[in-house]
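All remarks here apply to the structure that follows.
Everything numeric here is computed off the predicted structure, so don't read it as measured data.
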Amino acid sequence: MMKVAKKDVIRLHYIGKIKETGEIFDTTYEDVAKEAGIYSEKGIYGPVPIAVGAGHVIKGLDEALEGLEVGKKYTIELPPEKAFGKRDPKLIKTFTIGQFRRQGIYPFPGLDVEIETESGKKLKGRVMSVSSGRVRVDFNHPYAGKTVVYEVEILEKIDDPIEKVKALIELRIPRIDFEKVQIEVGENDVKIDFGEQTIDPRTLVLGEILLESDLKFLGYEKIEFKPSVEELLKPPEAKVEEELEEEAKEEVKAETEEKAEEIKEEAEETTETVKEETTKEEKIEEQEEKPEESEEESKASQDRE
């Protein structure tokens, strides 16, 4: 019997419903999403990997997973405070209709809107009513104040360190090309080289930021990415300049190596020439010494006679 504990990396399937109405608002099953009318072509369906306790699912579900058994199915009921929160009357705001029309928006009840506050913060809400030139907008979560029910199936617990990292990459950057990814896992460190990916660099930046948080949650102290966030955020002109500098360095290096080779060849040729000249001089000296020896021998012969 294998139970789930905090910081475990697991894969699970789930269906999230509103208890009062039975409305399905989230699921990992593609067929269920289509039947419920919440299917998205951009969505990723199938068992989802999460790190238990890292906040990858809503708080109440995250807490409820601890102690459950791998391979079993469960039905988990969460009160509003453990799900999407209680409704807050202070989050219902009133605006003039002119504030919307100046932005090209013609409000009507049920319209989802995004309002930018004076501080620059953007809030998503839903229009409740439009009357007498006033628009009431509810900025509470659509399921705030609702009791939710999750049908959960825990498929596996991942123990291998490399596979854990891969699972978290899958969660944060689902469209990554794993064939180009290289992962190294030490006792306290993780190195990830994403290689040449075709996804939007901004997607990779966000993925790396979230992934670093996940890996630190698991206990890793040093996380290195290649390319790094800093490299990905560099403007195109800076990258071009770096590439040009690198090319210039390579050219200088090639020229230096070529010059060194030429000097080496010249040195070798000079050495050979010196050797040849030395050999010639030695031969000349030998030839000059031989006649002298013959003359001395002749004199010695005459004396003997």
Working note: Val9 + Ile50, criterion side-chain contact (heavy atoms from CB on, under 4.5 Å); need CA distance, chi angles, decisive distance, verdict. CA-CA 6 Å; Val9 177; Ile50 69 164; over 6 Å; no

Please test Ile183 against Ile169 for side-chain contact (heavy atoms from CB on, under 4.5 Å), starting from the C-alpha separation and ending with a verdict. CA-CA 11 Å; Ile183 303 170; Ile169 293 174; 4.0 Å; yes

Please walk me through it: do Phe194 and Glu208 pass side-chain contact (heavy atoms from CB on, under 4.5 Å)? CA-CA 10 Å; Phe194 289 105; Glu208 286 187 3; 3.5 Å; yes

Tell me, with the steps shown, if Thr96 and Val135 meet side-chain contact (heavy atoms from CB on, under 4.5 Å). CA-CA 6 Å; Thr96 65; Val135 181; over 6 Å; no

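Contacts of Asp26 classified as side chain to side chain contact (heavy atoms under 4.5 Å, CB included), with partners at least two apart in sequence or in another chain: Tyr14. With sequence neighbours left out, Lys226 forms a salt bridge (Lys or Arg N to Asp or Glu O under 4.0 Å) with no residue at all. Taking Glu170 as the reference, Arg11 meet the side-chain hydrogen bond (donor to acceptor under 3.5 Å, both in side chains) condition, with sequence neighbours excluded. Shown here are the salt bridge (Lys or Arg N to Asp or Glu O under 4.0 Å) partners of Lys82, two or more places apart in sequence or in another chain: Glu63. Every residue two or more places apart in sequence or in another chain that forms a salt bridge (Lys or Arg N to Asp or Glu O under 4.0 Å) with Glu30 is listed here: Lys34. Every side-chain hydrogen bond (donor to acceptor under 3.5 Å, both in side chains) that Lys222 has, sequence neighbours left out, goes to Glu224. Under the side chain to side chain contact (heavy atoms under 4.5 Å, CB included) criterion, Pro161 pairs with Val185, Tyr220, sequence neighbours left out. For Glu69, the salt bridge (Lys or Arg N to Asp or Glu O under 4.0 Å) partners are Lys72, not counting sequence neighbours.
Of all the heavy atoms in Gly207 and Ile173, the pair that sits closest is CA-CG1, 3.7 Å. Val113 and Val127 make their closest contact through CG1-CG2, 4.0 Å (heavy atoms, listed as atom of the first residue, atom of the second, distance). Across all their heavy atoms, Leu204 and Pro227 have their closest contact at CD2-CG, 4.4 Å. Closest approach of Val148 to Ala83, counting heavy atoms only: CG2-CB, 3.6 Å. In terms of heavy-atom proximity, Glu156 sits nearest to Val70 at CA-CG1, 3.7 Å. Closest approach of Ala5 to Val52, counting heavy atoms only: O-CB, 3.7 Å.
Here Glu151 does not pair with Lys73 in a salt bridge; the nearest charged N to carboxylate O distance is not below 4.0 Å. Lys90 and Asp88 are not joined by a salt bridge, as no carboxylate oxygen comes within less than 4.0 angstrom of a charged side-chain nitrogen. With respect to Glu230 and Lys234, no salt bridge is recorded, no charged nitrogen being found less than 4.0 Å from a carboxylate O.
Note on Ile105: it clusters hydrophobically with Leu123, by side-chain heavy-atom contacts below 4.5 Å among ILVMFWY residues. Under a hydrophobic-cluster definition in which Ile, Leu, Val, Met, Phe, Trp and Tyr are linked whenever side-chain heavy atoms come within less than 4.5 Å, directly or via other members, Leu155 and Leu65 are assigned to different clusters. Residues Ile199 and Phe178 are members of one and the same hydrophobic cluster, defined by side-chain heavy-atom contacts under 4.5 angstrom among Ile, Leu, Val, Met, Phe, Trp and Tyr. Cluster membership for Leu206 and Leu171, using ILVMFWY side-chain heavy atoms within less than 4.5 angstrom, is not shared. In the hydrophobic clustering of ILVMFWY residues, with side-chain heavy atoms under 4.5 Å counting as a link, Ile209 and Phe225 come out together.
Using a 4.5 Å cut-off between side-chain heavy atoms of Ile, Leu, Val, Met, Phe, Trp and Tyr, Tyr29 falls into a hydrophobic cluster with Ile15, Ile24, Val32, Ile38. Hydrophobic cluster membership for Met128: Ile92 (Ile, Leu, Val, Met, Phe, Trp, Tyr linked by side-chain heavy atoms under 4.5 Å, directly or transitively).
Between atom CD of residue Glu66 and atom NZ of residue Lys6 there is a gap of 6.5 Å, rounded to the nearest 0.5 Å. Between the CG atom in Asp159 and the CE atom in Met2 there is a gap of 6.0 Å [rounded to 0.5 Å]. Put simply, CD on Gln197 and OG1 on Thr203 are 11.0 Å apart, with the number rounded to the nearest 0.5 Å. Taken from CZ in Arg134 to OG in Ser129, the straight-line distance is 11.5 Å, to the nearest 0.5 Å. Thr21 OG1 to Lys146 NZ: the interatomic distance, rounded to the nearest 0.5 Å, is 7.0 Å. The CD atom of Glu81 lies 9.5 Å from the NZ atom of Lys59; values are rounded to the nearest 0.5 Å.
Judged by distance alone, the side chain of Lys180 and the main-chain N or O of Glu196 form a donor-acceptor pair under 3.5 Å. Judged by distance alone, with hydrogens and angles left aside, the side-chain atoms of Glu231 form a donor-acceptor pair with the main-chain N or O of Ser228 at under 3.5 Å. Of the possible polar contacts, none joining the Asp8 side chain to the Ile10 backbone as a donor-acceptor pair under 3.5 Å is found. With Asn140 contributing its side chain and Arg87 its backbone, the two residues share no donor-acceptor pair below 3.5 Å. Side-chain atoms of Gln103 come within 3.5 Å of backbone atoms of Gln99 as a donor-acceptor pair (strictly under, hydrogens ignored).
Each of Leu12, Leu68, Thr75, Thr28 was compared with Val152 under the side-chain contact (heavy atoms from CB on, under 4.5 Å) criterion, and only Leu12 meets it. Of the candidates Leu210, Leu168, Asp62, His56 forms a side-chain contact (heavy atoms from CB on, under 4.5 Å) with just one, namely Leu168.
Within the structure, salt bridge (charged side-chain N to carboxylate O under 4.0 Å, His left out) contacts touching residues 100-115 (residues at least two apart or in different chains) are Asp112-Arg126. Within the structure, side-chain hydrogen bond (donor to acceptor under 3.5 Å, both in side chains) contacts touching residues 36-45 (residues at least two apart or in different chains) do not occur.
Aromatic ring pairs are classed by plane angle as parallel below 30°, tilted from 30° to 60° and perpendicular above 60°; the pair His141 and Phe84 is parallel.
No more than 12 heavy atoms of other residues, nucleotides or ligands sit less than 6.0 Å from atom NZ of Lys191. Counted within 6.0 Å of CD on Gln182, heavy atoms from surrounding residues, nucleotides or ligands total 12 or fewer; the atom is thus considered open.
Looking only at side-chain heavy atoms (C-beta outward), Leu78 and Ile58 come within less than 4.5 Å of each other. In this structure, Val181 and Ile176 have side chains that are in contact, with non-hydrogen atoms separated by less than 4.5 Å. Annotation: side chain of Glu77 is in contact with side chain of Thr147 (closest heavy-atom distance under 4.5 Å). Side-chain contact between Glu184 and Val190: absent, with no pair of heavy atoms (C-beta onward) separated by less than 4.5 Å.
In this structure, Phe100 has its ring center no closer than 6.0 Å to that of Phe108.
Side chains of Glu23 and Tyr143: a donor-acceptor N/O pair is present below 3.5 angstrom, by distance only.
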